[in-house]
Amino acid sequence: MLSLLLYLSSSQLVPKTLNPRIHPISKRLHRSMGVSSLKVAWRKDTTLDAAIERDKRFRLCSRVVREVLNEPGHRIPLRYLEKRRERLRLPFRAKTFLSRFPNLLELYPDRIKPSSPPVPFLRPSSRLLSFFSVQSSIYSRLEPLVLSKICKLLMMSLHRALPAHMLFSVKRDFALPDDFLVSLVGRHPHLFRLVGAGGDHLELVSWPEEYARSVIEHRADDESRIIGVRMRPNFAIRLPKGFYLRREMREWTRDWLEIPYISPYEDASGLHPASPEMEKRNVAVFHELLSLSVLRRMAVPVVGKFAEEYRFSNEFANTFTRHPGIFYVSLKGGIKTAMLREAYDEQGELVDRDPFLQIKDKFMEMMEEGHREWMERIRNKREAVQKDLELMARKNAELSVGDYEICPDGRTEQVKSSTDGNNDDWQSEDDVQDSSAYAHSNRNH
């Protein structure tokens, strides 16, 4: 029943006149429950957790490769990497990592100092260098998408500018090139410019109207074209199976969905920080941020880096748990990760894949190819050991037979080595003396 109510609330037609700051639903929400007092119990979602768990091997390999690439000359002594295992969260020795993923890095001897002896060094493998060439071609082809992402990130900020170091710290979340501040900003002066002391901020020069539409608004436009009636932009609600909301929370959510959608690209300076409208705007910004990310998810501390420029409160993280039908917060990997529910299907796979995911696919293909080679070597070694064990077992069986021979009828019969066929245990005195002398000589030896 709740899902039906939420669906009906999110799909109503747009009224002719809307002012979200004086909407009657907003007045009712102000009188009922404050936003800060809303509490929703967190519930584990194994399907979405599995989506993060599947990338565990990819994240590990990416961290190690980046560690080598960040070194001067893209080379590092093996023992230095071994010392950084804890920071890299590498669960086994560096040599074990190299053997398990041989396609990524290669060992070679070199000197730390000209006078020092050669030691093992690490550098990118030829296979990894080939991957970098493919990655560069993908970035060149998808440059318009990169430009749109940077523009949108700047357009959602309070002053249409962001610190350059902040953008650099989130470049992997949005698939920005490593040198985007040099390669893109310099080639598009009509869009960006570096300002501030030493050019430490990236500012939007002009307002590109074609980027000022959010994912929610584009979806409403598509629905309007299909049915021929203008639909109101709103959030898609998908509560997990068996999820229970208290009655007052259900009523608050229903009324909150009635508030007109506030685009993350609108000026929100006139909104009260504790108002339901500001909550609507914040959810819109979170939704847009996650939609711009490659994996439709981001670590909550990373989202917090935008708090000042995007006007998030200190308790912004509670917004994700207050809206369990829109977001999910995973605790996998020891860090809170905000995920966009609508971006994943029932199997935990991405519904609308970002074009930059092909870079990840290429890297994982290379990574898994090397891992399969390692598994094949392990399998061959085990088979060789098994063959040796079987060969030893056959030899031991032959030795244990001793002086037995197989008869034509299949029975085994002991061969008599004594000269007297009536006394198998008979032994001459000379034989005893010879045996004693042989044993004594073996002890002396």
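Index from 1, following the sequence.
Side-chain contact between Pro264 and Leu289 is absent, with no heavy atoms from C-beta onward closer than 4.5 Å.
Distance alone, capped at 3.5 Å, is enough to place a donor-acceptor pair between the Arg59 side chain and the Ile52 backbone. Formation of a donor-acceptor pair under 3.5 Å by the Trp42 side chain with backbone atoms of Val329 is found in this model. Remark: the backbone N or O of Val68 is not paired with any side-chain donor or acceptor of Glu71 at under 3.5 angstrom.
Here Tyr310 pairs with Phe306, Phe312 under the ring-ring contact (aromatic ring centres under 6.0 Å, His included) rule; sequence neighbours left out. Residues meeting the side-chain contact (heavy atoms from CB on, under 4.5 Å) test with Arg87, sequence neighbours left out: Glu67, Arg84. Residues satisfying the ring-ring contact (aromatic ring centres under 6.0 Å, His included) criterion with His201, sequence neighbours excluded, are absent altogether. For the side chain to side chain donor-acceptor pair (under 3.5 Å) test, residues two or more places apart in sequence or in another chain that qualify with Arg57 are Glu368. For Tyr265, there are no ring-ring contact (aromatic ring centres under 6.0 Å, His included) partners at least two apart in sequence or on another chain. Checked against side chain to side chain donor-acceptor pair (under 3.5 Å), Glu376 has the following partners two or more places apart in sequence or in another chain: Arg379. Arg193 pairs by the side chain to side chain donor-acceptor pair (under 3.5 Å) definition with Glu203, not counting sequence neighbours. When the side chain to side chain donor-acceptor pair (under 3.5 Å) test is applied to Glu106, the partners found at least two apart in sequence or on another chain are Arg123.
Residues in residues 52-79 take part in these ring pair (Phe, Tyr, Trp, His ring centres under 6.0 Å) pairs, two or more places apart or across chains: Phe58-Phe363. For residues 134-159, the set of pairs meeting the ring pair (Phe, Tyr, Trp, His ring centres under 6.0 Å) definition, not counting sequence neighbours, comprises Tyr139-Phe356. The stretch residues 153-173 participates, sequence neighbours left out, in these salt bridge (Lys or Arg N to Asp or Glu O under 4.0 Å) pairs: Lys171-Asp178.
Looking at Ser214 and Glu217, their side chains do bring a donor and an acceptor atom within 3.5 Å of each other. Arg322 and Thr319 are linked by a side-chain donor-acceptor pair at a separation below 3.5 angstrom, with hydrogens and angles left out of the test.
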Side-chain donor-acceptor distances from residues 383-392 under 3.5 Å, at least two apart:
none

Go through the steps for Arg297 and Tyr328 under the test side chain to side chain contact (heavy atoms under 4.5 Å, CB included), then give the verdict. CA-CA 9 Å; Arg297 64 178 186 250; Tyr328 171 66; over 6 Å; no
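One finds the CG atom of Leu48 at 10.0 Å from the CG atom of Leu340 (value rounded to the nearest 0.5 Å).
Other residues, nucleotides and ligands contribute at most 12 non-hydrogen atoms within 6.0 Å of the NZ atom of Lys336. For NZ of Lys44, the number of neighbouring non-hydrogen atoms (other residues, nucleotides, ligands) closer than 6.0 Å is greater than 12. Atom CZ of Arg377 is surrounded by more than 12 heavy atoms from other residues, nucleotides or ligands within 6.0 Å.
Between Arg54 and Glu349 there is a salt bridge, since at least one side-chain N of the basic residue sits less than 4.0 Å from a carboxylate O of the acidic one.
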